[in-house]
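Each remark here refers to the structure printed beneath this line.
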There are 2 protein chains.
Amino acid sequence: MTTRRDAVHDTLRQSESFRSAQDVYAEMRLHGAKIGLTTVYRALQALADKGSVDVLRTDDGESVYRACATDTHHHHLVCRRCGRTVEVAGPAVERWAETVGSEHGFTEITHTVEVFGTCSTCSAPAKTS
Amino acid sequence: MTTRRDAVHDTLRQSESFRSAQDVYAEMRLHGAKIGLTTVYRALQALADKGSVDVLRTDDGESVYRACATDTHHHHLVCRRCGRTVEVAGPAVERWAETVGSEHGFTEITHTVEVFGTCSTCSAPAKTS
DNA sequence: CAGATTTTGACAACCATTTTCATTCCGACG
DNA sequence: CGTCGGAATGAAAATGGTTGTCAAAATCTG
């Protein structure tokens, strides 16, 4: 019953960056998989609910997913050029969020933190030829 | 030429929380303003480009806008119940983002940080009657 | 193997946002 | 004044990612 879901998960695992549902769907079809777009969406949602993949929203409102190596709380350092993503921990940030929240009387603090930059490969001297 | 834009900006200023374009539009109409949805979208984008308002995406992909008091870099502590938003500074986070980025060879670091919680008003003992 | 249940996926429906395009404003200029 | 031209406006249509529908297919159960 989880065949499709696993297939989606596997496809995601083959990428180091965040991919959109449409993207994953297109790639699976390219590789000959027989799967419908609807199913990809459902699989992705199920995986996200289960916490097996991380989700975030691009600036243009698309949901993008990524299979992360660790299932403990972490954040992402994303290359804004190629999308390559590194998982990073930030104990300091966790504490800061908690502190800032309670200072203002907020409880049940959660937070979203994403860091963007240009990775070393992408910022390497651009070849003109 | 900026009449409409100012009207939108003013409407936004009257709220302590992030509002969607549709939301702002509805409210302006309620107060008798003669304005089109298209114009609200355009005004909001212009204001965002100019840096006069802050934008972020809700979990369901809507863009929401807020007129913030300061135009220096800051983050938001948002009540997940009522939406009330407090502007917070986080020097520690800024440094952390910068450090983590450069440790991995990333340059031109930027980041997004939002903190969510339940504010004191909303977490107050819920009256059953 | 029949019947119940879940999963799947083609297609239609949604809905926030954008685009299109005709109209209205408004200042510049004759 | 009158009108020409560009900017702004907004109603309506188009877009596009995502979700809902529903019948067919796969899988389970006894």
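All values below come from the heavy atoms of this structure, side chains included, with hydrogens, waters and symmetry mates left out. Source: prediction; values computed, not measured. Protein chains get the first letters and strands the later ones, always in sequence-line order, with residue 1 at the start of each.
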By salt bridge (Lys or Arg N to Asp or Glu O under 4.0 Å) - contacts of [X] (at least two apart):
X         : answer
Glu16(A)  : none
Asp23(A)  : Arg19(A)
Glu98(B)  : none
Glu108(B) : none

What's in the same ILVMFWY side-chain cluster as Leu30(A), cut-off under 4.5 Å, chained through other members?
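Same cluster as Leu30(A): nobody, lone residue.
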
Rounded distance (Å) that lies between atom [atom2] of [N] and atom [atom1] of [X]:
X        : N       : atom1 : atom2 : result
Lys34(A) : dG9(C)  : NZ    : P     : 11 Å
Leu44(B) : dT9(D)  : CG    : P     : 13 Å
Asp59(A) : dA16(C) : CG    : C1'   : 16 Å
Tyr25(A) : dA10(C) : OH    : P     : 6 Å
Arg5(A)  : dT8(C)  : CZ    : C1'   : 14 Å
Met28(B) : dT9(D)  : CE    : C1'   : 13 Å
Arg19(B) : dA16(C) : CZ    : P     : 15 Å

Would you compute the distance between atom CE of Met28(A) and atom CG of Asp10(A) and round it to the nearest 0.5 angstrom?
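Separation between the atoms: 8.0 Å.
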
DNA chain C contacts among residues 10-17 of chain A, heavy-atom distance under 4.0 Å:
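Those residues whose heavy atoms fall under 4.0 Å from DNA chain C, taken from residues 10-17 of chain A, amount to none.
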
By side chain to side chain donor-acceptor pair (under 3.5 Å), which residues pair with Ser120(B), not counting sequence neighbours?
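With sequence neighbours excluded, Ser120(B) shows a side chain to side chain donor-acceptor pair (under 3.5 Å) to no residue whatsoever.
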
What residues form a side chain to side chain donor-acceptor pair (under 3.5 Å) with His104(B), not counting sequence neighbours?
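None.
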
Is a side-chain N or O of Arg4(B) found less than 3.5 angstrom from the main chain of Val40(B), in a donor-acceptor match?
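Answer holds: no.
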
Could you write nucleotides 16-21 of chain D as a row of B, S and -, 5' to 3', where a protein heavy atom under 4.0 Å of any base atom gives B, of only sugar-phosphate atoms gives S, and otherwise -?
-SBBB-

Can you list every pair that meets salt bridge (Lys or Arg N to Asp or Glu O under 4.0 Å) and has a residue in residues 76-94 of chain B, with sequence neighbours left out?
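The answer is Arg66(B)-Glu87(B).
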
Over its full length, what angle do the end axes of the helix from dC1(C)-dG30(D) to dG30(C)-dC1(D) make, each axis taken from five pairs and the result rounded to 10 degrees?
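It works out to 10° between the end axes.
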
Any side chain to side chain donor-acceptor pair (under 3.5 Å) involving residues 32-46 of chain A? Give me the pairs, sequence neighbours left out, ordered by first then second residue.
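Non-adjacent pairs meeting side chain to side chain donor-acceptor pair (under 3.5 Å): Gln22(A)-Tyr41(A).
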
